[in-house]
Amino acid sequence: MIFFYIFTWIAFFLQLTLIVLSVAAGLYYLAELVEEYTVVAAKVIKCMLVFSTICYICLWIFENVSSVVIGFGLLSNVVYALVLSTFPFIELTSPTFIGAFICLLINHYLAFQYFSTQYNSFSEVLAFFTVCLWLVPFSFFISLSANDNVLPMLDQRINSFGNETDDVVSSYFSKNRKRKGLLVFMEGMREKLLPSRTKAF
């Protein structure tokens, strides 16, 4: 009986490790796809945003979900659309991104408050959270490193003579850009956990 108990815990930790590794590999692959195909990724996120908005409206019409939850969810989608308008250039310190993060937190609070007073099955609650609350923010999360590989377009700056210049290259490199995002984090973890070996000839 004691061995079976220990055996169960060992199996549980093995399963948990495999799940974590699978999720990490999937996130890494998705982040690479977003970096490679930024235009397609923007279109996919836009479709997710439209689908989420339609789901909010259908929940309000057919399921009589609280107007506060629906209204704030639609407001959040408007803020997400503002973030999407500058995609793949997502600045973590921009007012739109900060507003989107605040909307996400308030959305979660309102949803938890609503579902604590209204009975719904676990699958219904999970469906609401997945489609309405997590889908679009998660897609922005895996897209944070996409702007690291996008070429600069045009940057108007004032030179020392007071005239505007369009010096794209010097502006791009003078910002001392550091890569950030999910893909960079995953690559760093890969290097720490699985350091690359150099072949000796």
Side-chain angles (χ1 to χ4, degrees), residues 18-63 65 69-112 122-155 172 177-190:
L18 290 174
I19 290 171
V20 168
L21 288 174
S22 300
V23 169
L27 288 175
Y28 184 79
Y29 181 69
L30 285 174
E32 279 196 337
L33 280 178
V34 170
E35 277 197 1
E36 189 71 27
Y37 305 103
T38 52
V39 176
V40 177
K43 290 179 181 177
V44 170
I45 295 173
K46 185 177 181 181
C47 291
M48 289 181 193
L49 199 55
V50 171
F51 178 66
S52 173
T53 304
I54 292 170
C55 288
Y56 271 121
I57 295 170
C58 290
L59 285 169
W60 183 58
I61 295 172
F62 299 115
E63 297 297 328
V65 177
V69 175
I70 299 299
F72 203 83
L74 292 174
L75 177 66
S76 299
N77 282 358
V78 171
V79 178
Y80 297 152
L82 292 175
V83 174
L84 185 61
S85 65
T86 60
F87 188 86
F89 301 102
I90 299 175
E91 286 294 327
L92 299 179
T93 56
S94 67
T96 52
F97 187 83
I98 294 171
F101 184 72
I102 292 170
C103 285
L104 179 66
L105 294 178
I106 297 173
N107 240 346
H108 275 78
Y109 171 74
L110 292 174
F112 279 123
F122 177 74
S123 58
E124 292 171 348
V125 175
L126 188 62
F128 178 83
F129 273 84
T130 303
V131 175
C132 296
L133 297 186
W134 296 338
L135 194 63
V136 176
F138 179 75
S139 59
F140 282 129
F141 173 69
I142 62 174
S143 305
L144 286 177
S145 59
N147 63 346
D148 294 331
N149 293 332
V150 178
L151 293 175
M153 299 299 288
L154 181 67
D155 185 39
Y172 184 75
R177 297 167 58 91
K178 295 179 81 175
R179 293 187 71 201
K180 56 186 179 294
L182 178 66
L183 187 59
V184 177
F185 172 74
M186 298 293 271
E187 287 174 350
M189 291 303 293
R190 185 185 67 185

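- The closest side-chain heavy-atom distance from F138 to L27 is below 4.5 Å.
- The minimum heavy-atom distance between N107 and S76, with the atom names listed, is ND2-OG, 3.1 Å.
- Contact between S143 and I45 at its shortest, heavy atoms only, is OG-CD1, 3.9 Å.
- To the nearest 0.5 Å, atom CG of residue L30 and atom CD of residue E35 are 12.0 Å apart.
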* To do: Report the C-alpha separation of F129 and F112 in whole Å, then their side-chain angles, then the decisive distance to 0.1 Å, and conclude whether the side chain to side chain contact (heavy atoms under 4.5 Å, CB included) test is met.
  => CA-CA 10 Å; F129 273 84; F112 279 123; 3.9 Å; yes

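- The side-chain contact (heavy atoms from CB on, under 4.5 Å) check on A41 picks up V34, F87, with sequence neighbours excluded.
- In this structure, CG in L104 is found 15.5 Å from OH in Y109, a value given to the nearest 0.5 Å.
- No more than 12 heavy-atom neighbours from other residues, nucleotides or ligands sit within 6.0 angstrom of CZ on F101.
- Listed here is the closest heavy atom pair of L133 and A111: CD1-CB, 3.8 Å.
- In this structure, S139 contributes its side chain and V136 its backbone to a donor-acceptor pair below 3.5 Å.
- Distance check: Y56 OH to F51 CZ gives 12.0 Å after rounding to the nearest 0.5 Å.
- Checked by atom type and distance alone, the side chain of S85 pairs as donor or acceptor with a backbone atom of L82 at under 3.5 Å.
- Side chains of V69 and F128 form a contact here, defined as non-hydrogen atoms less than 4.5 Å apart.
- Here the shortest heavy-atom pairing between A100 and V83 reads CB-CG2, 4.0 Å.
- Residues I98 and L92 come closest through the heavy atom pair CG1-O, 3.8 Å.
- Rounded to the nearest 0.5 Å, atoms CG (L75) and CD1 (I70) are 13.0 Å apart.
- In plain terms, the two heavy atoms of S52 and N77 that are nearest each other are OG-ND2, 3.4 Å.
- Note that CG of L135 and SG of C47 are 11.0 Å apart. Values are rounded to the nearest 0.5 Å.
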